[in-house]
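Start at 1 and go down the list; that is how both ligands and their atoms are numbered.
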Amino acid sequence: MGYALRPPIILLKEGTDTSQGKAQLISNINACEALVDTIRTTLGPRGMDKLIVDGKGKVTISNDGATIMKLLDVVHPAGHVLVDIAKSQDAEIGDGTTSVVLLAGAFLKECKPFIEEAVHPQVIVRSFRLATQLALNRIDEVAVKHSFKDPTEKRALLEKVAFTSMSSKLISTHKEFFSKLVVNAVSVLNADLPLDMIGIKKVPGGSFESSFLVRGVAFKKAFSYAGFEMAPKKYDNPLVCLLNIELELKAERDNAEIRVDNVEEYQRIVDAEWTILYQKLQRIVESGAKVVLSKLPIGDVATQFFADRDVFCAGRIPDDDMRRTAKACSGSVQTSVGNLGPSLGRCGLFEEIQIGGERFNIFSDCPQTQTCTLILRGGADQFIAETERSLHDAIMVVRRTLKNEAVVAGGGAIEMELSRYLREYSRTVAGKSQMLIAAYAKALEAIPRQLCENAGFDSTNILNLLRNKHHNGGLWYGIDITTEGIADNYQRFVWEPAVMKINVLKAAAEAACVVLTVDETVKNPKCQDDVSQQAARKGRAGGVPR
Ligand SMILES: Nc1ncnc2c1ncn2[C@@H]1O[C@H](COP(=O)(O)OP(=O)(O)OP(=O)(O)O)[C@@H](O)[C@H]1O
């Protein structure tokens, strides 16, 4: 009777939902699979795009895995792991975001039967980590390393990787044009290849081919006052003055509190203000600068003053444009007009031109420019936005290739090779490991299989051909998307940076291991209430639920 009177142990708050054990693990895997199913159709040159409408009705059409995953607003805790790997792949490499999610999903799918058969997750994790290491070593072994001594060879290689990266995107029909543009853009950068030194400006209208690269800086004409129209719009070899000063009359008045008790005193203050402004303007003109830019406003008096002296000016220039202009013209941004001489920059040509419906200020022919601007044209806003994302991926891939010169063949070739290698290796080990490494090898085939399915090919047939070819030494054989067959994708120049594939494998395997090692989810009802209340409050305040 004694035990019946023992008080129950209450560990967690009433209403707390705890799910644990095998059932929980399987449910997490199912959630990840469902998430992978939403993006699997976007993989590859024949992949489909997704149209996503957010809470505010903003439409995004994209093929980029990371963009889709971000916009999906996933709430499942295990699903979040996949969103995170897509984001990290995007930040680290810039491409391969769909592949990483797909591969993580494939690993989990292959694990599921083992979990159901009560194999301990740690055993699976151990074998998967071993298989990943073996696969990485194999990539290192087979990757083709190019030396960048010959500039023509270097350029050809870079164009090929940009080409492959774009072949699955909306702009794939113009990939030759854009791959040249991307390589030209990256070759302007310095050895550190800073991404923020490539500006991208979108101008709706026109055709994709009317997009162009400015070796220097281009930005939309800033707001301007009367008097601006009188200023010249083109200079050869002008000195450029970059400022962070407000050149407006009200500036002095607003920056201080002044108490006056008669009209004369007030007049003296107004006069002093004019004098201060004129002195500043005079100094700028005396420095010899022909183009004056400021991060802060340049008012009507100053605009007229400059126009009278044949000087072009523009205020309220965004910070990133200002930084890039400074870099392009080798000048520096000043906060006073004391000694402008050494801080002035110079560009070969400055002009204001019309692009589509916008006026643009262009600084080009800069002697030692390490920055450039891509002006993107094209129909609707959504198309240009997707073009920008695709070019970003291609730029990232070209930068990665420049930093790591090794490439592998795409179109499923490297995955089939790793799969063959691991399957053969698995036969040399005993015990559960053998089955698990073979499962890992099978999961790698998910990429070529999906490429086939998205193109409407018979995946069973093509995968059989590929397995046979790789078994007989056809190292770089992958899917030939044009003929519904297989081909040596290295010869066909379907090249991808080895570092991208390495990152995909590492991230996907690690994500699968993380999901496998979670065997309990505890949902605290209080926390959930807090979260929903916060969300409701945010919603009322006009915030966007994330
Ligand atoms: N011409 C081609 N023939 C065959 N396969 C190709 C070709 N071009 C690209 N691929 C393959 O398509 C896959 C890339 O597809 P996709 O660009 O849609 O996804 P991702 O690079 O993984 O992710 P994302 O571009 O969304 O970041 C790679 O496996 C690549 O090898």
Side-chain angles (χ1 to χ4, degrees), residues 36 38-50 60-72 82-83 85-106 160-173 175-176 179 386-387 389-397 400 407-419 444-455 457 459 462 466 476-501 503-505 507-508:
V36 173
T38 58
I39 69 156
R40 67 167 71 247
T41 54
T42 67
L43 185 81
R46 299 281 189 270
M48 311 293 266
D49 299 332
K50 301 275 165 193
T60 310
I61 301 175
S62 185
N63 178 285
D64 183 55
T67 309
I68 299 169
M69 294 295 270
K70 271 185 234 159
L71 292 173
L72 278 183
L82 298 191
V83 179
I85 53 166
K87 284 190 195 163
S88 75
Q89 176 79 15
D90 193 37
E92 186 66 19
I93 310 287
D95 200 16
T97 54
T98 311
S99 307
V100 75
V101 175
L102 202 68
L103 207 53
K160 302 264 158 56
V161 291
F163 198 80
T164 309
S165 153
M166 280 187 255
S167 46
S168 56
K169 305 288 187 336
L170 207 68
I171 52 170
S172 59
T173 39
K175 57 191 174 192
E176 257 167 64
S179 54
E386 175 64 355
T387 308
R389 284 190 288 270
S390 312
L391 290 190
H392 169 263
D393 280 11
I395 290 170
M396 290 289 280
V397 166
R400 282 284 148 210
V407 291
V408 292
I414 184 70
E415 286 84 3
M416 285 309 290
E417 171 56 21
L418 296 178
S419 177
L444 286 170
E445 290 182 352
I447 301 276
R449 177 170 294 114
Q450 197 61 47
L451 286 172
C452 289
E453 278 169 16
N454 290 351
F457 299 167
S459 58
I462 292 190
L466 281 176
W476 293 132
Y477 268 76
I479 295 149
D480 184 346
I481 228 74
T482 46
T483 63
E484 192 175 351
I486 63 169
D488 187 327
N489 276 348
Y490 191 81
Q491 299 292 338
R492 287 180 61 234
F493 301 117
V494 183
W495 294 354
E496 295 188 288
V499 64
M500 192 253 272
K501 287 291 169 198
N503 216 63
V504 164
L505 268 185

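- Under the 3.5 Å distance criterion, with hydrogens and angles disregarded, no donor-acceptor pair is assigned to the side chains of Thr97 and Gln89.
- Of the heavy atoms in Asn63, both backbone and side-chain atoms come closer than 4.0 Å to ligand 1.
- Where the criterion is an N or O separation shorter than 3.5 Å, residue side chain and backbone included, Gly410 fails it with respect to ligand 1.
- The distance from the CD1 atom of Ile93 to the OG atom of Ser99 is 12.0 Å, given to the nearest 0.5 Å.
- Pairing each heavy atom of Trp476 with each of Ala413, the nearest pair is O-CB, 3.4 Å.
- Near Ile479, with a cut-off below 4.0 Å to any heavy atom, the atoms of ligand 1 are 4 (C).
- Both the backbone and the side chain of Thr97 come within contact range of ligand 1, each with a heavy atom under 4.0 Å.
- A salt bridge is absent between Arg40 and Glu453: the closest approach of a Lys/Arg side-chain nitrogen to an acidic carboxylate oxygen does not fall below 4.0 angstrom.
- Polar contact with ligand 1: absent for Asn489 (N/O pair, distance under 3.5 Å).
- Summarising the geometry, atom OG1 belonging to Thr67 is positioned 13.5 Å from atom NZ belonging to Lys50; distances are rounded to the nearest 0.5 Å.
- Heavy-atom distances between Gly96 and ligand 1 reach below 4.0 Å in at least one pair.
- The side-chain hydrogen bond (donor to acceptor under 3.5 Å, both in side chains) with Asn63 is formed by just one residue from the set Thr41, Asp393, Asp49; it is Asp49.
- Once rounded to the nearest 0.5 Å, the distance linking CD of Gln450 with OG1 of Thr42 reads 8.5 Å.
- Counting the atoms of ligand 1 from 1 in the order shown, those under 4.0 Å from a heavy atom of Asp393 are 25 (O), 27 (O).
- With ligand atoms numbered from 1 in the order given, ligand 1 contributes 26 (O) to contacts under 4.0 Å with heavy atoms of Gly65.
- Given atom 21 (O) of ligand 1, the protein heavy atom at minimum distance is Asp95 OD1, 3.0 Å.
- Close approach of ligand 1 to Glu496 (heavy-atom distance below 4.0 Å) involves ligand atoms 28 (C), 30 (C), 31 (O).
- Under the 4.0 Å criterion applied to side-chain N and carboxylate O atoms, Lys501 and Glu496 are assigned as salt-bridge partners.
- By the 3.5 Å distance cut-off applied to N or O atoms, Leu43 is not counted among the residues near ligand 1.
- Taking each heavy atom of Ser419 and Leu444 in turn, the nearest pair found is N-CD1, 3.9 Å.
- Contacts between Ser167 and ligand 1, counted as non-hydrogen atom pairs separated by less than 4.0 Å, involve the side chain only.
- Atom numbering of ligand 1 starts at 1 in the shown order; those under 4.0 Å from a heavy atom of Ser99 are 20 (P), 22 (O).
- With ligand atoms numbered from 1 in the order given, ligand 1 contributes 24 (P), 26 (O), 27 (O) to contacts under 4.0 Å with heavy atoms of Asp64.
- Within a 6.0 Å radius of CD in Glu176, no more than 12 heavy atoms belonging to other residues, nucleotides or ligands are found.
- Of the protein's non-hydrogen atoms, the one nearest atom 12 (O) of ligand 1 is Gly44 CA, 3.4 Å.
- Given atom 1 (N) of ligand 1, the protein heavy atom at minimum distance is Val494 CG2, 3.9 Å.
- Considering OG of Ser165 and NZ of Lys160, their distance stands at 15.0 Å, rounded to 0.5 Å.
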| Checking side-chain hydrogen bond (donor to acceptor under 3.5 Å, both in side chains) for the pair Thr482/Asp480: CA distance, chi angles, key distance, verdict? | CA-CA 6 Å; Thr482 46; Asp480 184 346; 2.6 Å; yes
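- Residue contact check for ligand 1: Glu415 places no non-hydrogen atom closer than 4.0 Å to it.
- Contacts between Lys169 and ligand 1 below 4.0 angstrom, taking non-hydrogen atoms only, involve the side chain exclusively.
- Of the protein's non-hydrogen atoms, Gly411 N, 2.6 Å is the one closest to atom 31 (O) of ligand 1.
- Among protein heavy atoms, the minimum distance from atom 17 (O) of ligand 1 is reached at Ser168 OG, 2.5 Å.
- Looking at Thr42 against ligand 1, only its backbone comes within 4.0 Å, counting heavy atoms.
- Closest non-hydrogen pair, Ala106 versus Ala446, comes out as CB-CB, 3.5 Å.
- If you number the atoms of ligand 1 from 1 as listed, the ones under 4.0 Å from a heavy atom of Thr164 come out as 8 (N), 9 (C).
- Taking each of Pro45, Ala455, Ala394, Gly412 in turn, the one with a heavy atom nearest to atom 7 (C) of ligand 1 proves to be Pro45.
- Listed here is the closest heavy atom pair of Thr60 and Arg389: CG2-NH2, 3.3 Å.
- Considering both main-chain and side-chain atoms, Ile447 never comes within under 3.5 Å of ligand 1 through any nitrogen or oxygen pair.
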